[in-house]
Amino acid sequence: MGFSSPPDPKQFQTFVWKIVSKISPGKVTTYCQIAGMIPPPGNLNLKEYDAFAARWVGMAMAHCPDDLPWQRVINSQGKISARPGANRQRELLEEEGILFDDKGRINLEIYGWDGPDEEWCAEHSLLKSRSLSRQRKLF
DNA sequence: CGCTTGACCGGAA
DNA sequence: ATTCCGGCCAAGC
């Protein structure tokens, strides 16, 4: 049961980067949360989309321009994902005043980003927020 | 072309 | 609490 027609990677990447550019200083968001703001392509149902969208966000972040606050994207466990430059990512977040617990986790209740305002979302054809059907319950 | 690897997630064990 | 595993995509080599 694959995807009869995967989303246009370029368009998806553009959505991801646009959202990342709006993340507030001192806050973080997750791959999941970003995926939930992007409307699933019409040929995919929600379940199909949710199963892979977070990974697509990760792939888009691999090519993220340096002038965006890429360090503010972490995984759904509240941790920095294994990736080249992970140490630098933690440094940047600590410089923004974000605290990590002894297991390297960020408390999303405190530092989680609320997303862009609704007006901006509407202008850019994005959803304010949607919990993925596979979203993990945190804390 | 065919393989291999991967900035993920959630459920099962 | 932790580790393991299926998902079966997309990019890179």
Side-chain angles (χ1 to χ4, degrees):
Chain A
M1 307 320 188
F3 296 81
S4 52
S5 175
D8 179 349
K10 288 287 185 192
Q11 185 189 353
F12 193 83
Q13 193 175 66
T14 301
F15 273 132
V16 171
W17 293 349
K18 207 178 280 186
I19 293 167
V20 170
S21 71
K22 298 292 288 182
I23 307 173
S24 309
K27 295 288 183 179
V28 292
T29 190
T30 65
Y31 300 96
C32 239
Q33 189 180 345
I34 290 174
M37 293 180 204
I38 298 172
N43 53 325
L44 297 181
N45 67 41
L46 232 47
K47 199 172 178 182
E48 287 174 326
Y49 174 78
D50 290 354
F52 294 98
R55 274 165 61 145
W56 295 339
V57 173
M59 286 185 269
M61 290 307 294
H63 306 289
C64 185
D66 285 340
D67 59 329
L68 298 185
W70 53 269
Q71 73 273 20
R72 298 177 191 145
V73 182
I74 61 175
N75 64 33
S76 70
Q77 304 170 66
K79 292 166 141 179
I80 289 173
S81 292
R83 50 165 297 253
N87 292 340
R88 180 65 186 146
Q89 184 172 7
R90 175 161 176 154
E91 281 176 17
L92 289 169
L93 292 175
E94 288 178 331
E95 284 170 16
E96 295 186 10
I98 292 172
L99 299 178
F100 291 74
D101 71 11
D102 55 4
K103 289 175 182 159
R105 283 181 311 194
I106 294 170
N107 188 334
L108 294 173
E109 296 267 308
I110 298 171
Y111 299 108
W113 178 51
D114 286 335
D117 60 64
E118 295 194 20
E119 187 181 345
W120 186 90
C121 289
E123 284 171 8
H124 295 270
S125 304
L126 294 168
L127 309 170
K128 168 68 181 170
S129 66
R130 175 177 73 78
S131 286
L132 299 193
S133 55
R134 290 162 53 105
Q135 176 76 55
R136 177 190 299 238
K137 288 190 179 108
L138 299 171
F139 306 104

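Being a predicted model, the structure only gives us computed values, none of them experimental.
Of the candidates dC8(B), dT2(C), dC8(C), the closest approach to any side-chain atom of Lys103(A) belongs to dT2(C). Residue Met59(A) places its side chain closer to dG6(B) than to any other of dG6(B), dG7(C), dC8(B). Of the candidates dC8(C), dA11(C), dC9(B), the closest approach to any side-chain atom of Ala54(A) belongs to dC9(B). Comparing atom distances between the Asn75(A) side chain and each of dA7(B), dC9(B), dC8(B) picks out dC9(B) as nearest.
Trp17(A) and Leu68(A) make their closest contact through O-CD1, 3.6 Å (heavy atoms, listed as atom of the first residue, atom of the second, distance).
Trp56(A) places its CH2 atom 11 Å from the P atom of dA11(C), with the value rounded to the nearest Å. Here the P atom of nucleotide dC8(B) and the CG atom of Leu108(A) are 15 Å apart, to the nearest Å. Counting to the nearest Å, the P atom of dC8(B) and the CD1 atom of Ile38(A) are 16 Å from each other. Rounded to whole Å, atom P of dA7(B) lies 22 Å from atom CZ of Arg72(A). Straight-line distance from the CZ atom of Arg90(A) to the P atom of dA7(B): 20 Å, rounded to whole Å. Lys47(A) has its NZ atom 15 Å from the C1' atom of dC8(C), to the nearest Å. Rounded to an integer number of Å, the gap from Tyr49(A) OH to dG7(C) P is 21 Å. Atom CZ of Phe12(A) and atom P of dC8(B) are 13 Å apart (whole Å).
To the nearest 0.5 Å, the span separating CD1 on Ile19(A) from CH2 on Trp120(A) amounts to 6.0 Å.
You'll find the side chain of Val16(A) reaches within 4.5 Å of the side chain of Ile38(A), heavy atoms only. Ile74(A) places a side-chain heavy atom less than 4.5 Å from the side chain of Gln89(A).
A donor-acceptor contact shorter than 3.5 Å is absent between the side chain of Lys128(A) and the backbone of Glu119(A).
Of the side-chain N and O atoms in His63(A), one or more sit less than 4.0 angstrom from OP1 or OP2 of dG12(C). Contact between the side-chain N/O atoms of Ser81(A) and the OP1/OP2 oxygens of dC8(B) is found at a separation under 4.0 Å. For Ser76(A) and dC9(B), the shortest distance from a side-chain N or O to OP1 or OP2 is below 4.0 Å.
Heavy atoms of Ala86(A) sit nowhere under 4.0 angstrom from any nucleic acid atom.
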